[in-house]
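First the structure, in the form of structure tokens, and then the observations on it.
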Amino acid sequence: MTASWKRTHTCGELRAAHAGRTVVLNGWVQARRDHGGIYFLDLRDRYGVTQIVLSQAVLGDTKLGPEYVLSVRGKVSVREGSNVNRERPTGEVEVLVEHVEVLSASPVPPFPIEEQLDTALDTRLRYRYLDLRRGNLQRNLIHRSRFIQSMRRAFEREGFLDIETPILTKATPEGARDYLVPSRVHPGEFYALPQSPQIFKQILMVAGYDKYFQVARCFRDEDLRADRQPEFTQLDMEMSFVDEEDIFGVWERVMQATMREACGVEIAVPFPRMSWDESMERFGVDKPDLRFGLELVDAKAWAETCEFQVFRNALASGGRVMGIVVPAVHALSRKDVTGLEEHAKGVGAKGLAWWKAEKSGGAGPLAKFCAAPGAAESLMKLMGASDGDTILFVADREAIVRKVLGDLRNQLGRKFGLAKAGEWRFTWVTSFPMFEWDEDSKRWFSAHHPFTAPVDWTLGGPSPDLGKLSSRAYDLVLNGWELGSGSVRIHRADVQQRIFEILGIGPEERQRKFGFLLEALSFGAPPHAGFALGLDRTSALTLGLDNIREVIAFPKTASATDLMCGAPSIVAPEQLAEVHIRTVTEPDPKP
RNA sequence: GGGGGUGUAGCUCAGUUGGUUUAGAGCGCUAGCCUGUCACGCUAGAGGUCGCGGGUUCAAGUCCCGUCACCCUCGCCA
């Protein structure tokens, strides 16, 4: 027998068609309007809000505070004329209550449960269960759920198997800091939480599971950002007997289906592909926002003939001189330019040279170097500028020129409203550098990870310039965000051994840390490649949000704490003893 | 680890060169009134460790030093 308090409908579904029906609604008290003889109440659940009408006789001396949980039974009544609330889907009806039961009382909440909320984040996080009652968060999490469900369906259609990999696993020597878990059974030994399922999914390929995917939680003990949490979720996948084009094809179909089903957006495939070199050269960054132009232009041809010593010196010392042309229509003021220069200096530039382009000589610091006959015209031609445009130049080492101009480009795109919401410009960025030199430790590191295959390199060939070697790694980029990355893997144990040698990981260390992978690869590994998509970032971006906390039910603060449950926390001495841990630092006093 | 920002009522904020009796406002809350509101309205009321600690001063929400928390960011994130 059904308990009498159980709902027959949600708070979002009653319409005029339900008129006369006796219904039971369950929900939270959203708002109360007491008119003496008649008492209105808005009852809320995640499906909507319905107006409840109570008489004094029914209410009696029952107290109904905000966020009380109620069960109300009554008749659906159609509202007449001006009593209809057209703002809400349920506004044409109300429930005339015959019986009300308080299922649960509540203190006054520390902040109101409403959409427009400017309460400080720490208060919201401390009472996350109240924050999550708000429509915004509910919509975000519903969107995320639909997004992920849609992706799962797409991967199933593609023939992928959903296989779980361990959370308690082995520490990895490279990459991010690991979260460690002490072993009780093995004193002094530790598990690590996975930074990604990387090694396990490669081993699944060796095992013959040629199409694997998983919604995988990953853990990295590094400092947070608006788009980075210490634990995050990836749609992780790997395939055998494929190259990068097969991976791209699967993801283009998956993203097209998911954008259609979860976002109602049609996107064009295939996505454009560009090399890392091209992206850096045209946009100054490895995750270009393709919604607008303002591309970087090489000014070398002009700079090497001009009298401006800053430009000449930069080139003479092996650096670059590049610029961005800001069309006249955006009317960049001197104050704007000063602001941009401050910003440029903040990110490492020594200065920002600019020129208001005019065939007659123009204005700005560069104008006097454009005075020579033909100088202005040739510079405008080189840069693709027209009269009235403003050109911003940076002269420095290549890395700084790219970083500063890439940064300025993004800033200008935002400032001029060129990066339009609702426009989705995906792109693959390919051929990342294979290795990066680290000055501090005087050694090479993998730019992606040590299992990434190099482009065009055979073991027998001449020793390559490691800094110029490209890898078969790729990123998926959307509107200036890196959504995910992957690579074609090394499937031969001898090549893998050689990479470890370059990385300075000796035979003994190699064996201890990766021996099981090398051994697995030696037992007949198929060529394989994979990719992982950041689901937090992708969910946030497709909702137009710039902080992934808004799509995570229980996120952490910038210092990696959980304000609701109070993690991390000290534990009882017995608990430490059990896992053979002794602390050497007293914890910070908690306020 | 570095840089920047914020911290005053449950929430969001104001608070002048340090000085006006009891640190204010809006919202929320409580009580009373009100039979058609829907962010109901009207009247009244309660509510404060000015993040915390120290210092300067006749006097500190306000100035100085330290510290904590939160946010953004650089480093970091194979």
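- Contact check of residues 547-555 of chain A against RNA chain B (heavy atom, cut-off under 4.0 Å) returns A:N547, A:R549.
- In this structure, the CZ atom of A:R177 is 7 Å from the C1' atom of B:C76, given to the nearest Å.
- Salt bridge absent: A:R549 and A:D131 never bring a charged side-chain N and a carboxylate O closer than 4.0 Å.
- Between A:D223 and A:R228 there is no salt bridge, since no side-chain nitrogen of the basic residue lies less than 4.0 Å from a carboxylate oxygen of the acidic one.
- Atom-to-atom, CZ of A:R537 to P of B:C77 comes out at 14 Å; the value is rounded to the nearest Å.
- In this structure, A:Q198 reaches the bases: a heavy-atom distance under 4.0 Å links it to at least one base atom across the strands shown.
- Within residues 28-43 of chain A, the residues that have a heavy atom under 4.0 Å from RNA chain B are, in order of number, A:A31, A:R32, A:R33, A:D34, A:H35, A:G36, A:G37, A:I38, A:F40, A:D42.
- Ranking B:G75, B:G36, B:C38 by closeness to the A:R225 side chain, first place goes to B:G75.
- Taking the side chain of A:D122 as heavy atoms from C-beta on, and the options B:C77, B:U12, B:C70, the nearest nucleotide is B:C70.
- As judged by a 4.0 angstrom heavy-atom cut-off over every strand, A:E94 is placed among the base-contacting residues.
- Under the Watson-Crick and G-U wobble criteria, each requiring two contacts below 3.5 Å, nucleotide B:U57 is left unpaired.
- Here A:T119 does not reach the OP1 or OP2 of B:C11: none of its side-chain N or O atoms lies under 4.0 Å away.
- Comparing A:K63 and A:S82 against RNA chain B, the residue whose closest nucleotide sits nearer the 5' end is A:K63.
- Side chain to side chain, A:T430 and A:E244 fail the donor-acceptor criterion of an N or O pair below 3.5 Å.
- A donor-acceptor contact under 3.5 angstrom links the side chains of A:R489 and A:S487, judged on distance only.
- Atoms CZ (A:R86) and P (B:U37) sit 14 Å apart, rounded to a whole Å.
- Between B:C63 and B:G26, the distance separating the two C1' atoms is 30 Å to the nearest Å.
- The side chain of A:S55 contributes no N or O atom lying less than 4.0 Å from OP1 or OP2 of B:U35.
- Taking the P atoms as reference points, B:G19 lies 14 Å from B:A59, given to the whole Å.
- B:A69: Watson-Crick or G-U partner is B:U6, with both key distances under 3.5 Å.
- One finds no side-chain N or O of A:R79 lying less than 4.0 angstrom from the OP1 or OP2 phosphate oxygen of B:U37.
- Spacing of C1' atoms, B:A9 relative to B:C50, comes out at 10 Å, to the nearest Å.
- A salt bridge does not link A:R44 to A:E114: none of the charged side-chain nitrogens sits closer than 4.0 Å to a carboxylate oxygen.
- The pairing partner recorded for B:G36 is none, the criterion being a Watson-Crick or G-U wobble arrangement whose two distances lie under 3.5 angstrom.
- At distances below 3.5 Å, not a single donor-acceptor pair connects side-chain atoms of A:E94 with backbone N or O atoms of A:Q51.
- Taking atom CG of A:D131 as the reference point, atom P of B:C11 lies 14 Å away to the nearest angstrom.
- Across every non-hydrogen atom of A:F40 and A:I38, the tightest pair is CZ-CD1, 3.8 Å.
- In this structure, A:R443 satisfies the cation-pi test against A:F445, with its NZ or CZ atom closer than 6.0 Å to the six-membered ring centre and inside 45 degrees of the ring normal.
- The CZ-P distance, from A:F445 to B:C76, rounds to 11 Å in whole Å.
- Of all nucleotides present, only B:A44 satisfies the Watson-Crick or G-U wobble test against B:U30, with each distance under 3.5 Å.
- Nucleotides B:A39 and B:G28 place their C1' atoms 11 Å apart, quoted to the nearest Å.
- The distance from atom CG of A:D223 to atom C1' of B:U73 is 11 Å, rounded to the nearest whole Å.
- Ion pairing between a basic and an acidic side chain is recognised when a charged N comes within 4.0 Å of a carboxylate O; A:K350 and A:D396 show such pairing.
- With C1' as the reference atom, B:U22 and B:G47 are 14 Å apart, rounded to whole Å.
- The main-chain N or O of A:D227 is found under 3.5 Å from a side-chain atom of A:R537 such that the two form a donor-acceptor pair.
- Computed from coordinates, the A:E231 CD to B:C77 C1' distance equals 16 Å when rounded to whole Å.
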(request) Apply salt bridge (charged side-chain N to carboxylate O under 4.0 Å, His left out) to A:E501 and A:R498, showing your working. (result) CA-CA 5 Å; A:E501 279 167 31; A:R498 177 75 186 103; 3.4 Å; yes
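- Counting only heavy atoms from C-beta on, A:Q51 has its side chain closest to B:C38 among B:C70, B:C11, B:C38.
- Mapping A:L64 and A:Q195 onto RNA chain B by nearest heavy atom places A:L64 at the nucleotide closer to the 5' end.
- Annotation: B:U62 and B:U6 have their P atoms spaced 15 Å apart (nearest Å).
- B:C38 and B:C42 have their P atoms separated by 11 Å, given to the nearest Å.
- A salt bridge links A:E231 and A:R217; the closest N-O separation between the charged side-chain nitrogens and carboxylate oxygens is under 4.0 Å.
- Per the geometry, CZ belonging to A:R228 stands 11 Å off P belonging to B:C72, to the nearest Å.
- Contact annotation for A:D118: backbone-only contact, meaning every heavy-atom pair under 4.0 Å involves sugar-phosphate atoms and none involves a base.
- Across all strands shown, A:P112 has no heavy atoms under 4.0 Å from either base or sugar-phosphate atoms.
- Rounded to whole Å, the separation between the C1' atoms of B:U30 and B:C74 comes to 50 Å.
- Contact annotation: A:S559 side-chain N/O to B:C71 OP1/OP2 distance is not under 4.0 Å.
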